[in-house]
2 protein chains.
Amino acid sequence: MLLYKEIRQYLFALIADHPELKKLPSERELQYTFRSTRITVREALIRLEAEGVIYRQNRKGWFISPPRLKWDPVKKVNFYQLAQEQQFTPLTQVVSFETTLASNVVNQAFAVQSPATFHAICRVRSLDERPVMVEEIYCLAAQFDDLASKSLEGSVTTIFERDYGINVTHERSSLVVTAIPDDKADLLNVNSGALCLKIIRQRFNQADKLVDYNIEYWVHSAIEIEVDSQ
Amino acid sequence: MLLYKEIRQYLFALIADHPELKKLPSERELQYTFRSTRITVREALIRLEAEGVIYRQNRKGWFISPPRLKWDPVKKVNFYQLAQEQQFTPLTQVVSFETTLASNVVNQAFAVQSPATFHAICRVRSLDERPVMVEEIYCLAAQFDDLASKSLEGSVTTIFERDYGINVTHERSSLVVTAIPDDKADLLNVNSGALCLKIIRQRFNQADKLVDYNIEYWVHSAIEIEVDSQ
DNA sequence: CAGTGGTCTAGACCACGAT
DNA sequence: TCGTGGTCTAGACCACTGG
């Protein structure tokens, strides 16, 4: 068997046999254990990372992945509630709030005639202290006056409804597997180029007008999507 | 800027500027161009691969990814129709058909009392000659007598309906990002450990009985999920 | 056959983390 | 300060693809 696959197997068994384990031996330790080189050891680690079995935090080491958060994008369930039902301690942090012009993609999504002013919210969500998702939310500044003064840690849809009387009636989501952009990777404390599930959500009101445009980047090993249909 | 990021940038621009390009220069060519080493060149290539911009075929080289197939798992649309609407030439090949005992996972999903006999179909689906998905379909042999004689390149749900009078009324899907198992990677002609979107679909009849259990592995750069809800 | 990517060795220096 | 992962060099041999 190939050496890096042997190392992968060894680590895989190590993790299975020690459910209490949180962190793997260092790359150099593994290198000595297998009388190999860091390149080969890293090949095995990166493989396990792709599988979702382990993850790394920048220069801190390699850690065992906790169970994935199961999430149904169709059902309207609160992030907090969902996390708690699955025995996680959730946390949302607002990283930034700006009222500014936005990218072409956002302008096109809102079908505005000329570049409009948007609120841009950036938030990070964590499970048990581990950042797992970073998102950007865009909505029309003209439509949501004084949004900055609201408490933006919870559901923005609820704020839209309760404070502005604007109801989301349907939404369109798009999911792709890709690499996290570098600025988002920093916020999640993961390595540059880490894998993610990128979800773009467009929420509409009953007049079919876009209410908000939302880009979520999920750490790939942290989430499992579950959908019931028909 | 880091060298591998420079190489990534160079290739990214190369691809953007040459829409007709199908294949990248070889790793050794890039190594000489940048007076660097294969390790560093590969770092850049693997990054672009994670982003979904390029893909490799085993020992053949690195290729530019075509557009992703957009697919709504909720709508019941034929794979052929969907592909053709998006200007792809679709193809389905049956790799194997077995009538046999199945894994514990499958037995549990069907909630059978004792290990049952299943039909196990393995198929590969391609777009424009590029294999993009491999799937395993399990259904109870007792329920679908003589299934082997049907033409299994199309929709199995249609066969269940038309030939056996069994209708699928609802389904449950689960999506995770992970690495393709080695035996499936061979069928897709991708490198061992390649990224995939793994979709498990469980289709039920109106009595809430499981009709079939389906595991799909999609090449991650080949698919984009689109869902409308509510 | 030559050319490709797949695997592997044996080092090096750096930035950042924990202490 | 020391240990960690992040980046990088300069090679090597192998399995497989293509002409």
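Below, read A as the first sequence line, B as the second, and so on, with proteins coming before strands; counting in each chain starts at 1.
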Within the sub-3.5 Å range, which N or O atoms of nucleotides 14-16 of chain D have a protein N or O partner, and how far apart are they?
from: D/dA15; atom 1: N3; to: B/Arg59; atom 2: NH1; distance (Å): 3.1

Ion pair check, A/Glu153 and A/Arg123, cut-off under 4.0 Å: no
Quick one, which residues of residues 36-44 of chain B touch DNA chain C with a heavy atom under 4.0 Å? B/Arg38, B/Ile39, B/Arg42
Round to a whole Å and report the spacing from CG of A/Leu45 to P of D/dG5. 8 Å
Looking only at heavy atoms, what is the nearest atom pair of A/Ile225 and A/Pro73, with distance? CG2-CD, 3.6 Å
B/Glu27 and salt bridge (Lys or Arg N to Asp or Glu O under 4.0 Å): which partner among B/Arg59, B/Arg42, B/Arg56? B/Arg42
What is the bend of the helix from C/dC1-D/dG18 to C/dA18-D/dT1 when you compare the axis at one end with the axis at the other, using five pairs each and rounding to 10°? 10°
Which two nucleotides bound the region of DNA chain C that has atoms under 4.0 Å from heavy atoms of chain B, read 5' to 3'? C/dT4 to C/dC8
Cation over ring face, A/Lys23 and A/Phe63, 6.0 Å, 45°: yes
Could you walk me through whether A/Ser174 and B/Glu224 pass side chain to side chain donor-acceptor pair (under 3.5 Å), step by step? CA-CA 7 Å; A/Ser174 133; B/Glu224 169 174 352; 3.2 Å; yes
Test: ring-ring contact (aromatic ring centres under 6.0 Å, His included). Region: residues 75-108 of chain B. Which pairs qualify, not counting sequence neighbours? B/Phe97-B/His119
At their closest point, which heavy atom of A/Ile223 faces which heavy atom of B/Val176, and how far apart are they? O-CG1, 4.5 Å
Flag for B/Lys5-A/Ser192: side-chain donor and acceptor within less than 3.5 Å: yes
Flag this pair as yes if the NZ/CZ of B/Arg28 is under 6.0 angstrom from the six-membered ring centre of B/Tyr32 and inside a 45 degree cone about the axis; otherwise no. no
Residues A/Ala109 and A/Leu210: closest non-hydrogen pair is O-CD2, 3.4 Å
A/Tyr213 meets the side-chain hydrogen bond (donor to acceptor under 3.5 Å, both in side chains) criterion, sequence neighbours left out, with none
Side chains of B/Glu136 and B/Asn214: is there a donor and an acceptor less than 3.5 Å apart? no
